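Below you'll find the structure, written out as structure tokens, and then a few comments.
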Amino acid sequence: MVRRTATLKSKAPRPSPKREHLLAVAEALFDRDGFHATGVDRLVAESGIARMTFYKHFPTKNALVMAVLERRDARWIAALNDGSTGYEQAGEHPVLAIFSALADWLEREGSHGCLILRGLGEFSGHDVTVAGDAVFRKRKLGAWMAERLDRCAISQAEARSWDLILLIEGATALAPVVGGRDAAGQAAHAATALLRCWQADDLAVRAPGAD
């Protein structure tokens with residue numbers, strides 16, 4: 001039976017050192033041991049935060065899970081945005097710069113794969129709110145990547161963006177097996193081949209006399 005967790009839209013929570021500490025501890029535990037294997041008792045013990053304070057910030061454990069997914073997603077996107085900007089300024093192709101930034105992230109935080117997809121796997125069929133939130137966070141990557149392809153004047157950006165996202169997700173999934181930097185490097189190699197094919201196709205379409 002699917003359990004539905006009601007959520008209310010509200011203002012962003014006020015900054016709180018205890019809340020941020022709890023989020024950081026929860027993210028580390030969820031990432032290492034899983035969501036269902038990490039209970040409230042352990043979260044309270046590991047964080048050193050009183051149970052009353054826990055429930056003051058998060059009325060349910062699943063509310064904490066969603067906050068952790070939001071935190072992880074924001075940090076991941078920021079790492080790719082900031083990191084790729086640096087690599088692009090150093091002369092890398094804007095798309096390949098994303099994979100260089102991904103390599104840095106995976107080497108630093110990718111030893112257990114994608115936390116958001118693991119959340120989707122654990123909560124699918126159990127809590128549609130948490131699972132739906134994870135799906136939303138993955139689906140929005142299409143627009144994020146398409147904007148970068150548009151900047152490079154690559155046609156069919158919306159469709160082609162998902163080819164690159166599959167490479168990113170594949171590298172993230174394999175990072176625990178082959179290492180984050182090697183996984184991202186292989187994904188970058190495949191992305192290079194895709195870019196060459198797309199550029200050749202686009203040139204053929206624009207060539208005089210092309211059908």
Side-chain angles (χ1 to χ4, degrees), residues 3-87 98 100-124 126-141 143-145 168-169 171-173 175-176 180-181 184:
R3 178 166 54 83
R4 298 179 182 271
T5 300
T7 57
L8 297 176
K9 293 187 179 298
S10 60
K11 296 180 181 178
R14 290 181 295 178
S16 163
K18 288 186 177 181
R19 183 180 189 276
E20 291 306 308
H21 175 63
L22 180 55
L23 283 170
V25 170
E27 182 179 340
L29 290 174
F30 291 154
D31 196 29
R32 189 183 68 197
D33 300 327
F35 295 94
H36 293 321
T38 306
V40 172
D41 288 344
R42 188 175 178 199
L43 289 164
V44 168
E46 293 280 346
S47 66
I49 290 176
R51 185 177 294 268
M52 183 179 297
T53 303
F54 177 102
Y55 286 116
K56 173 185 174 183
H57 292 294
F58 302 103
T60 66
K61 177 188 165 184
N62 284 5
L64 172 63
V65 169
M66 292 181 65
V68 166
L69 294 183
E70 180 180 19
R71 180 180 190 269
R72 180 65 160 248
D73 189 39
R75 289 196 304 107
W76 184 76
I77 287 292
L80 293 196
N81 280 329
D82 296 343
S84 63
T85 297
Y87 283 110
I98 294 171
S100 294
L102 177 67
D104 293 339
W105 168 271
L106 292 179
E107 187 174 54
R108 191 171 63 246
E109 302 197 46
S111 60
H112 300 291
C114 178
L115 184 63
I116 295 173
L117 284 181
R118 288 165 59 204
L120 174 59
E122 286 201 39
F123 286 95
S124 291
H126 297 282
D127 189 303
V128 296
T129 304
V130 177
D133 183 70
V135 169
F136 163 76
R137 296 191 181 285
K138 287 302 177 182
R139 285 189 176 276
K140 71 178 185 178
L141 292 178
W144 178 83
M145 184 64 79
I168 289 174
E169 296 295 347
T172 303
R181 194 159 293 280

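Please read all numbers here as calculations on a predicted model, not as lab measurements.
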Handout entry: Verdict with reasoning, Leu115 to Arg118, per side-chain contact (heavy atoms from CB on, under 4.5 Å)
Key = CA-CA 5 Å; Leu115 184 63; Arg118 288 165 59 204; 4.1 Å; yes

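- Arg137 CZ to Cys114 SG: the interatomic distance, rounded to the nearest 0.5 Å, is 11.5 Å.
- Ile77 places a side-chain heavy atom less than 4.5 Å from the side chain of Leu141.
- Separating the CG atom in Leu43 from the CG atom in Leu29 is a distance of 6.0 Å, to the nearest 0.5 Å.
- At least one side-chain heavy atom of Trp144 sits under 4.5 Å from a side-chain heavy atom of Asn81.
- With a 6.0 Å radius and a threshold of 12 heavy atoms from other residues, nucleotides or ligands, Lys56 has its NZ atom at or below the threshold.
- In Arg108, the CZ atom is crowded: over 12 heavy atoms of neighbouring residues, nucleotides or ligands sit closer than 6.0 Å.
- In this structure, the side chains of Asp127 and Val65 stay at 4.5 Å or more apart for every pair of heavy atoms.
- Heavy atoms only, all atoms of each residue included: Ala171 and Leu102 are closest at CB-CD2, 4.1 Å.
- A distance of 9.5 Å separates NE2 in His57 from CD in Glu20, rounded to the nearest 0.5 Å.
- Closest heavy-atom contact between Ala79 and Ala101: O-CB, 4.0 Å.
- Across Gly180 and Leu106, no two heavy atoms sit closer than the pair CA-CB, 3.5 Å.
- When every heavy atom of Arg19 is checked against every heavy atom of Ala67, the shortest pair comes out as NH2-CB, 4.0 Å.
- Here the CG-CZ distance, from Asp133 to Phe123, works out to 11.0 Å after rounding to the nearest 0.5 Å.
- The side-chain contact (heavy atoms from CB on, under 4.5 Å) test with Phe35 is passed by exactly one of Leu64, Val130, Leu69, Asn62: Leu69.
- A donor-acceptor pair is defined here as one N or O able to donate and one able to accept, closer than 3.5 Å; such a pair exists between the side chain of Lys61 and the backbone of Thr38.
- Distance check: Leu117 CG to Glu122 CD gives 12.0 Å after rounding to the nearest 0.5 Å.
- When side chains are defined from C-beta on, His21 counts as touching Val25, because their heavy atoms get closer than 4.5 Å.
- What you find for Gly113 and Arg72 is that their closest heavy atoms are O-NH2, 4.2 Å.
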Practice task
Begin from the C-alpha positions of Lys138 and Leu120 and carry the test side-chain contact (heavy atoms from CB on, under 4.5 Å) through to its verdict.
Solution key: CA-CA 10 Å; Lys138 287 302 177 182; Leu120 174 59; 6.0 Å; no

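- Separating the CD atom in Glu109 from the CH2 atom in Trp76 is a distance of 12.5 Å, to the nearest 0.5 Å.
- When every heavy atom of Ser111 is checked against every heavy atom of Pro176, the shortest pair comes out as O-CB, 3.4 Å.
- Between Asp73 and Phe136, the closest side-chain pair of non-hydrogen atoms is not below 4.5 Å.
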